[in-house]
Number of protein chains: 2
Amino acid sequence: MATRTDASTRREQILKEAARLFAERGFHGVGVDEIGAAVGISGPGLYRHFPGKDAMLAELLVGISGQLLTGGRRRVAEAGTESRGGGPGAVLDSLIEGHIDFALDDRPLITLHDRELDRLRDSDRKMVRQLQRQYVELWVEVVREVHPELAEPPARAAVHAVFGLLNSTPHLSRPRLPNRAATATLLHAMARGAFASAAEAAARA
Amino acid sequence: MATRTDASTRREQILKEAARLFAERGFHGVGVDEIGAAVGISGPGLYRHFPGKDAMLAELLVGISGQLLTGGRRRVAEAGTESRGGGPGAVLDSLIEGHIDFALDDRPLITLHDRELDRLRDSDRKMVRQLQRQYVELWVEVVREVHPELAEPPARAAVHAVFGLLNSTPHLSRPRLPNRAATATLLHAMARGAFASAAEAAARA
DNA sequence: TCCTCAGGTTAGCGCTCGTTAACCGATTTC
DNA sequence: GAAATCGGTTAACGAGCGCTAACCTGAGGA
C-alpha cells in the first residue's frame, strides 16, 4: 500500500462524502453505489474500508459527538486557567464560539447529528446519546455558574433550545446568509441573550 | 358509506399515525404495511385513501406549513386590531405564543417539517417552501417593527434561529421536561431575549 | 522471480418495499 | 331487488437495495 496518510485520506474522503449525501437525502435515501461514485470508486469497493453502510453512519455520529465533547472540555479547561480572569462568562462565550464554529464549518455533520441518530444500532446509539448527554451537562454546569438563578431542569431545557438556535444555520443555509463573521456574531449574541432572558424569567417566577 | 365525518376521520387517523411514524423512523424507514397496521387496516388498504406514500407526506407537510402561515396571519390581524393598544411587541408575543403551542402540541409534525422536506416531489416541495418563506417574511416584518435597528438580512437569520430554538422541544423531548406551561414561558422569554440581543448587536456594529 | 495482499472490479443473490390486480362483503341508491 | 360503490382483503410483481462471491491488477518484500 501507499503511505498510511493516503489510506486514511481515502477513508476520510468516503466519510466526508457520505456525510454530505446522508445530510442531503437521508440515510435510507442514499445508496452505497452513490457514495462510491462520489469518491470515484464504485459500490462494493467501499467494503474494503467499512464493514457496512451502517458503520459509516455510526462512525460519523460517534465522531461528531466525541469532537463536540472533547472540544467543549478543552475550552472549559483553557478558559478556566486563562490569565485574564475571564470568569464563567468567558467560559460560556468560549463554548458558544466553539459550537458556532462547528455549526458553520461542518453543516452536514450538524444536520446528521440530529436527524439520523435513530438509524443506528442500539449499542452505537447508546454511545452517541451518552456523549451528547455529557456535552449537555458540560454546558448546563457553565450556564448555571453564569446564571445561578436558573435551576437545573430549566437550564437543561435552555441549553437544548440554544443548541437548536445555533444549529439553525443549515436551514437558512445556502446562498444569502450574511458573511461568516457577521453570522457568528449574531448567533453568539442571540445565544447569550436567550440564556440571560431564561435566567431572568426564572428569577421572576 | 357511513357519514362524511367517519370517512374524514379515517383519513385523518391515517395522517396522524403516518406523521408519528415518519417522525420516529424517517420517511424511508417506515413501510406502508406499518402505517396500515397502525390504523388497523393492512398495507394496500391505504391506497383507497391516498394515491401513494408520497402523497401522505406531501399532504402532511403542506398542511403544516399552511396551518402555521394561516395561524400567523390571523394572529397578526387580531393583535393589530386589538383594543388595548398592544403595539408591535404584542404582535410578536402572539406569533411566538402560537408557534410554541404548535411546537409543544404537534411534535411529530414539527419534526417532519424540517427533516423530510427533501423527500417531496419537486412541485410539492416548491409549494411548501413558498409557504415557509411567507411565514418567515411575516415574522421578519413584525420583528423589524419591534427592533427597527435590525436590517433585513440579519432579521431573517434571527427568525430562522429562533425557529430552531422554539422547535427544539422534540429533541429534549419525552420524559423530563418541566410542565408544559413552564416550558412555554421559558421558550417565550428566550425567544424575546434572543431577538433583543440580535438587535442590540446590530445597533452596536 | 515469485508471493502476498491491498484495493479495486463486475455479477448476482436475496430481501424488502411500493404498488397493482383481482376479488369480496356491506351499505347506499335507483 | 338489482346495481353501484366504498373500503377493505390477499397475492404477486418489479424495482432497488445492501451485501457477498469471485476475480483481477499492481506494488513491495523475501
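We use all heavy atoms of the structure for the numbers below, so side chains are in, but hydrogens, waters and symmetry mates are not. Lettering of chains follows the sequences in order, A, B, ..., and the numbering in each one begins at 1.
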Query - Gap between atoms CZ and C1', on F22(B) and dG18(C) respectively (whole Å) - result: 12 Å
Query raised in the report: What's the CG-P distance between D33(B) and dA12(D), to the nearest Å?
Result: 16 Å
Query raised in the report: Side chains of Q132(B) and R129(B): is there a donor and an acceptor less than 3.5 Å apart?
Result: no
Query raised in the report: Should K16(B) and R11(B) count as side-chain neighbours, where that means a heavy-atom distance under 4.5 Å?
Result: no
Requested in this report: Using a cut-off of strictly less than 4.0 Å, decide whether H49(A) has a side-chain nitrogen or oxygen near OP1 or OP2 of dG8(C).
Outcome: yes
Query raised in the report: NA contact type, G31(B), heavy-atom cut-off 4.0 Å: base, sugar-phosphate, or nothing?
Result: sugar-phosphate
Query raised in the report: Side-chain donor-acceptor pair under 3.5 Å between R133(A) and Q130(A), yes or no?
Result: no
Requested in this report: Check the angle between the aromatic planes of F27(B) and F22(B) and answer parallel, tilted or perpendicular using the 30° and 60° thresholds.
Outcome: perpendicular
Report task. To the nearest Å, give me how far apart CZ (R10(B)) and P (dC6(D)) are. Result -> 16 Å
Query raised in the report: Nearest-Å distance, CD (Q13(B)) to C1' (dG7(D))?
Result: 13 Å
Query raised in the report: Over how many whole Å does the gap from R48(A) atom CZ to dA22(D) atom C1' extend?
Result: 10 Å
Query raised in the report: F27(A) CZ to dC17(D) P: how many Å, rounded?
Result: 13 Å
Query - Euclidean distance, atom NZ of residue K53(A) to atom P of dG18(D) [Å, nearest integer] - result: 4 Å
Report task. Just call it for V39(A): base, sugar-phosphate, or nothing, with non-hydrogen atoms closer than 4.0 Å on any strand. Result -> nothing
Report summary line: Looking only at dG8(C), dG18(C), dT20(C), the nucleotide nearest the P44(B) side chain is dT20(C)
Report summary line: note: Y47(A), atom OH; dA22(D), atom P; distance rounded to Å ~ 17 Å
